[in-house]
Amino acid sequence: DQAGLVQLYRDWTDQDQVRAFEADHGRAPPGVAGRQKIKLALRLHHLARQRFPQDNLRVLDFGCGNGEHLLAARLIGFQPVGIDLSDSRAAAARVGGMPVHASLDAFDAAGEAPVHAVILSQVLEHLADPLDLLKAITARMVRGGVIYIGVPDCTGVTVPKTFHDFHNVQPLEHLNGFTPATLDRSAP
């Protein structure tokens with residue numbers, strides 16, 4: 001439930017643990033992850049610019065972690081804002097000068113809405129009710145805005161047999177397993 005998620009990401013998992021896990025289990029080679037984030041930001045910017053040519057484009061990264069997507073978005077011209085439950089990861093994003101809030105309520109209180117684009121990268125699988133979040137997020141978007149949703153593909157995974165399978169279903173953290181078809185049915 002939501003209380004469990006808050007405890008997991010605020011109390012149990014911090015930025016140092018994430019770095020240690022990634023160091024032990026490998027991460028994309030240097031530069032690859034950054035290029036992927038820039039490519040995503042460029043795609044979102046292009047799509048949003050087609051729909052809103054005169055606007056100063058704003059992007060929300062919900063579950064922004066240490067702010068890498070926010071930085072990429074800022075580099076290509078977005079006005080970025082993030083939301084993250086983890087105090088240590090949000091603090092890492094703020095070091096880069098990014099505005100990061102702890103919740104949608106705090107986002108609303110700061111007057112951050114509406115946004116033209118949203119990034120939900122590796123978020124929906126962690127939530128007790130992903131459809132409620134999708135509705136809440138789209139309510140804070142400019143009509144016709146663009147949204148990127150990235151989740152692990154759990155197609156065919158029933159019992160994890162490989163590290164890749166286990167990474168996709170992460171039983172302690174992932175409350176939902178999506179396939180392309182189920183994600184398509186869930187999208188706003």
Side-chain angles (χ1 to χ4, degrees), residues 1-19 37 40-41 44-45 47-48 51-52 55-152 170 172-178 182-183 185-188:
D1 64 6
Q2 185 62 28
L5 291 173
V6 169
Q7 184 172 24
L8 178 66
Y9 293 109
R10 284 200 181 143
D11 301 336
W12 294 356
T13 306
D14 66 19
Q15 184 65 18
D16 292 334
Q17 289 172 312
V18 171
R19 280 192 206 106
K37 287 169 178 53
L40 171 59
L44 285 175
H45 194 269
L47 291 169
R51 296 169 185 210
F52 312 104
D55 290 352
N56 291 322
L57 298 177
R58 297 175 41 77
V59 63
L60 167 63
D61 183 1
F62 188 96
C64 68
N66 62 9
E68 292 173 346
H69 281 114
L70 295 173
L71 179 59
R74 179 177 281 166
L75 288 172
I76 57 99
F78 271 117
Q79 295 174 2
V81 61
I83 295 175
D84 204 281
L85 286 175
S86 167
D87 294 333
S88 66
R89 297 192 84 195
R94 287 186 196 104
V95 167
M98 301 300 160
V100 180
H101 304 285
S103 66
L104 277 172
D105 289 340
F107 172 84
D108 292 340
E112 299 284 11
V115 295
H116 300 86
V118 172
I119 299 170
L120 284 167
S121 181
Q122 309 305 308
V123 171
L124 295 182
E125 66 274 18
H126 297 267
L127 302 177
D129 194 340
L131 294 178
D132 275 357
L133 177 71
L134 286 171
K135 290 174 189 171
I137 291 287
T138 56
R140 289 160 172 88
M141 294 177 71
V142 173
R143 186 171 178 82
V146 271
I147 188 168
Y148 167 81
I149 300 171
V151 295
Q170 292 186 27
L172 187 63
E173 294 184 57
H174 293 184
L175 306 179
N176 301 288
F178 291 95
T182 61
L183 182 61
R185 287 193 303 267
S186 301

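- Going from atom CG of L57 over to atom CZ of F78 covers 5.5 Å, rounded to the nearest 0.5 Å.
- When all heavy atoms of R74 and P99 are compared, the pair lying nearest together is NH2-CD, 4.1 Å.
- Counting only distance, with no hydrogens or angles, the side chain of H116 and the backbone of R58 share a donor-acceptor pair below 3.5 Å.
- Summarising the geometry of V81 relative to L70, their closest heavy-atom pair is O-CD2, 3.4 Å, with the distance given to 0.1 Å.
- Taken from SG in C64 to CG in L120, the straight-line distance is 11.5 Å, to the nearest 0.5 Å.
- Nearest heavy-atom pair across G63 and V123 is CA-CG2, 4.0 Å.
- For T138 against K135, the heavy-atom pair with the smallest separation is OG1-O, 3.1 Å.
- With values rounded to the nearest 0.5 angstrom, F107 atom CZ is found 5.0 Å from L60 atom CG.
- In this structure, CZ in F52 is found 10.5 Å from CG in L47, a value given to the nearest 0.5 Å.
- A donor-acceptor pair under 3.5 Å is absent between the side-chain atoms of R140 and the main chain of V115, judged by distance alone.
- To the nearest 0.5 Å, the span separating CD1 on I119 from CD on E68 amounts to 11.5 Å.
- Closest approach of Q122 and P152 over heavy atoms only: OE1-CD, 3.3 Å.
- Between H69 and S121, some side-chain heavy-atom pair lies under the 4.5 Å cut-off.
- Not a single donor-acceptor pair under 3.5 Å links the side chain of D61 to the backbone N or O of G82.
- Taking both residues in full, the closest heavy atoms of V100 and R94 are given as O-NH2, 2.8 Å, listed atom of the first, atom of the second, then distance.
- At least one side-chain heavy atom of M141 sits less than 4.5 Å from a side-chain heavy atom of I147.
- When side chains are defined from C-beta on, I137 counts as touching L104, because their heavy atoms get closer than 4.5 Å.
- Within the 4.5 Å cutoff, side-chain heavy atoms of L124 are placed close to those of L134.
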